[in-house]
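All heavy atoms count here, side chains included; hydrogens, waters and symmetry mates do not.
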Amino acid sequence: MAAGASAWVWYKVVPTLPDIEDLRTVKLEEPLRIFSQNDELLGAYGIKRRIPKRFDEFPQTLIDAVLATEDQRFFSHYGVDPKGIARAVVGKLMGRNAGGGSTVTMQVARNFFLSREQTYKRKFDEILLSLKIEMELEKEEIMELYLNKIFMGHRAYGAAAAAQVYYGKSLDELTLAETAMLAGIPQAPGTNNPITNPSAAKKRRNHVLRRMQTVGKITPEQYEQAKETYLTARKHQVTLDLDAAYVGDMVYQEILQRFGKSVIQSGRRVYTSIDPTLQRAANRAVRNGLLGYERRHGYVGPLQTLSAEQLSDSAFVVEVLETTPRYGDLEPAVVTASTESAAAVALRGGQTAELSLEAVQ
């Protein structure tokens with residue numbers, strides 16, 4: 001009876017599921033990028049931030065962290081982990097959270113093909129799709145899809161984009177603690193990320209580290225050192241190679257007019273005739289002219305005035321500094337205290353400095 005039902009499901013239901021071959025040719029949404037004539041980035045335009053990587057470009061430490069937390073038996077199961085599902089069911093019956101029982105493959109099936117509605121039919125389709133994915137794709141291909149697709153909060157999709165958003169680094173530059181932080185975000189990207197909720201993110205990070213130690217991927221010494229590491233995450237904007245925003249915006253508008261809004265997340269690379277050497281010389285000339293004008297005519301005042309309440313909120317001060325653009329070699333700063341002869345200022349990266357009256361005359 002059971003064998004007959006299984007055969008009916010496999011031959012009648014499975015063929016109606018999405019074609020797994022679509023996963024091999026899937027086009028991940030990437031921002032439209034505009035470059036100078038010699039490949040220097042002028043601008044990136046798009047709602048989602050994503051930097052697709054091949055499986056062999058993901059650090060082993062990141063893969064270890066994900067598997068230790070999300071799917072320890074990934075390389076031995078066939079898309080569905082009966083032990084994980086049983087653990088989740090027992091945990092729910094006992095009133096404790098023992099995870100959802102979803103494997104990495106099941107999460108890929110859900111993220112690419114299914115909705116997130118909590119119904120038995122959706123879960124059933126997810127299981128069947130996972131089995132089908134495992135039959136047609138290699139384990140490395142599945143992990144690559146997961147690490148490129150998963151939402152990581154703050155418009156970052158995929159691990160590489162998350163490394164840039166939270167740490168301003170490439171994946172291979174991350175520390176063990178930072179890697180564990182990223183691996184812990186997918187469980188609840190809106191609330192477990194280190195910018196929105198640092199305390200929850202740290203707790204989740206330490207859970208990932210503890211799991212890595214438990215399964216033997218890091219030593220007790222590495223665990224102790226990493227879990228005591230301070231949180232260093234902050235929101236990083238896209239780093240541009242060349243200051244020519246007006247050119248980027250002009251090209252962007254032209255591209256939109258020619259190809260429509262669908263081009264925004266197409267990942268296209270647009271090259272301009274801008275010569276970086278000449279552009280930098282023009283930028284310096286304009287900047288020096290404006291500074292000279294201001295010196296001759298007097299100080300024009302601050303860009304923004306913060307209230308005492310805003311100044312006491314360190315997170316708000318950091319956000320102001322991060323969102324205020326640099327002007328060439330000039331760095332934005334917030335005056336936090338002042339006397340008749342000097343001012344204390346906050347700079348990006350948590351740095352501080354003292355600005356004397358003589359220095360600004």
Original post:
Between S170 and E173, do the side chains contain an N or O donor and an N or O acceptor separated by less than 3.5 Å?
Top reply: yes
Original post:
Are M143 and V108 close enough, and set up right, to give a side chain to side chain contact (heavy atoms under 4.5 Å, CB included), and what steps lead you there?
Top reply: CA-CA 9 Å; M143 180 58 70; V108 167; over 6 Å; no
Original post:
More than 12 non-hydrogen atoms from neighbouring residues, nucleotides or ligands closer than 6.0 Å to NZ on K203, yes or no?
Top reply: no
Original post:
Side chains of P189 and M152: closer than 4.5 Å at any heavy-atom pair?
Top reply: no
Original post:
Can you check whether E40 reaches L242 side chain to side chain, under 4.5 Å on heavy atoms?
Top reply: yes
Original post:
Is the OH atom of Y271 crowded by more than 12 outside heavy atoms at less than 6.0 Å?
Top reply: yes
Subject >> 4.5 Å side-chain heavy-atom contact, L129 and M106 >> reply: no
Original post:
ring-ring contact (aromatic ring centres under 6.0 Å, His included) with Y157: which residues, sequence neighbours excluded?
Top reply: F151
**OP:** Would you check if L176 and Y223 make a side-chain contact, meaning some heavy-atom pair closer than 4.5 Å?
**Re:** no
**OP:** Go through the structure and list residues passing ring-ring contact (aromatic ring centres under 6.0 Å, His included) with Y167, not counting sequence neighbours.
**Re:** none
Subject >> Counterpart residues, side-chain hydrogen bond (donor to acceptor under 3.5 Å, both in side chains), relative to N283 (two or more places apart) >> reply: Q279
Subject >> Q164 atom CD, neighbour heavy-atom count above 12 within 6.0 Å >> reply: yes
Original post:
With sequence neighbours left out, what residues match E228 under side-chain hydrogen bond (donor to acceptor under 3.5 Å, both in side chains)?
Top reply: none
**OP:** Spell out, as yes or no, whether a donor-acceptor pair under 3.5 Å connects the side chain of R49 to the backbone of A162.
**Re:** no
Original post:
So, the side chain of R205 versus the backbone of A180: is there a donor-acceptor pair under 3.5 Å, distance only?
Top reply: no
Subject >> Heavy-atom side-chain contact between H154 and V165 under 4.5 Å >> reply: yes
**OP:** Would you confirm whether N192, through its side chain, and I185, through its main-chain N or O, come within 3.5 Å as a donor-acceptor pair?
**Re:** no
**OP:** Can you establish whether the number of heavy atoms outside K217 located under 6.0 Å from its atom NZ is more than 12?
**Re:** no
Original post:
Will you find, in the side chains of N148 and E144, an N or O donor that is under 3.5 Å from an N or O acceptor?
Top reply: no
Original post:
Do you see a donor-acceptor pair shorter than 3.5 Å between the side chains of E70 and Q187?
Top reply: no
Could you pull out all donor-acceptor pairs under 3.5 Å where a side-chain atom in residues 246-257 meets a protein atom, sequence neighbours excluded?
| from | atom 1 | to | atom 2 | distance (Å) |
| --- | --- | --- | --- | --- |
| D249 | OD1 | Y45 | OH | 2.8 |
| E254 | OE2 | R258 | NE | 2.8 |
| E254 | OE2 | R258 | NH2 | 3.4 |

Original post:
Would you call L174 and L182 a side-chain contact if the rule is heavy atoms closer than 4.5 Å?
Top reply: yes
Original post:
Between R268 and F259, is NZ or CZ placed under 6.0 angstrom from the six-membered ring centre and within 45° of the ring axis?
Top reply: yes
**OP:** State, yes or no, whether a side-chain contact exists between L347 and T352 at a heavy-atom distance under 4.5 Å.
**Re:** no
**OP:** Please determine if K139 and E134 form a salt bridge, counting it only when a charged side-chain N lies under 4.0 Å from a carboxylate O.
**Re:** yes
**OP:** Report yes if the side chains of V80 and L131 come closer than 4.5 Å at any heavy-atom pair, otherwise no.
**Re:** yes
**OP:** Specify whether H77 and F74 have parallel, tilted or perpendicular ring planes, treating 30° as the upper limit for parallel and 60° as the lower limit for perpendicular.
**Re:** perpendicular
**OP:** Name all residues meeting the side-chain hydrogen bond (donor to acceptor under 3.5 Å, both in side chains) criterion together with N197; count only those two or more places apart in sequence or in a different chain, and write none if there are none.
**Re:** S199
Original post:
Is D243 salt-bridged to R280, going by a charged N under 4.0 Å from an acidic O?
Top reply: no
Subject >> Distance-only polar pair, side chains of N193 and T196, donor-acceptor under 3.5 Å >> reply: yes
**OP:** For atom CZ of F75, decide whether the heavy atoms of other residues, nucleotides or ligands shown that lie under 6.0 angstrom number more than 12.
**Re:** yes
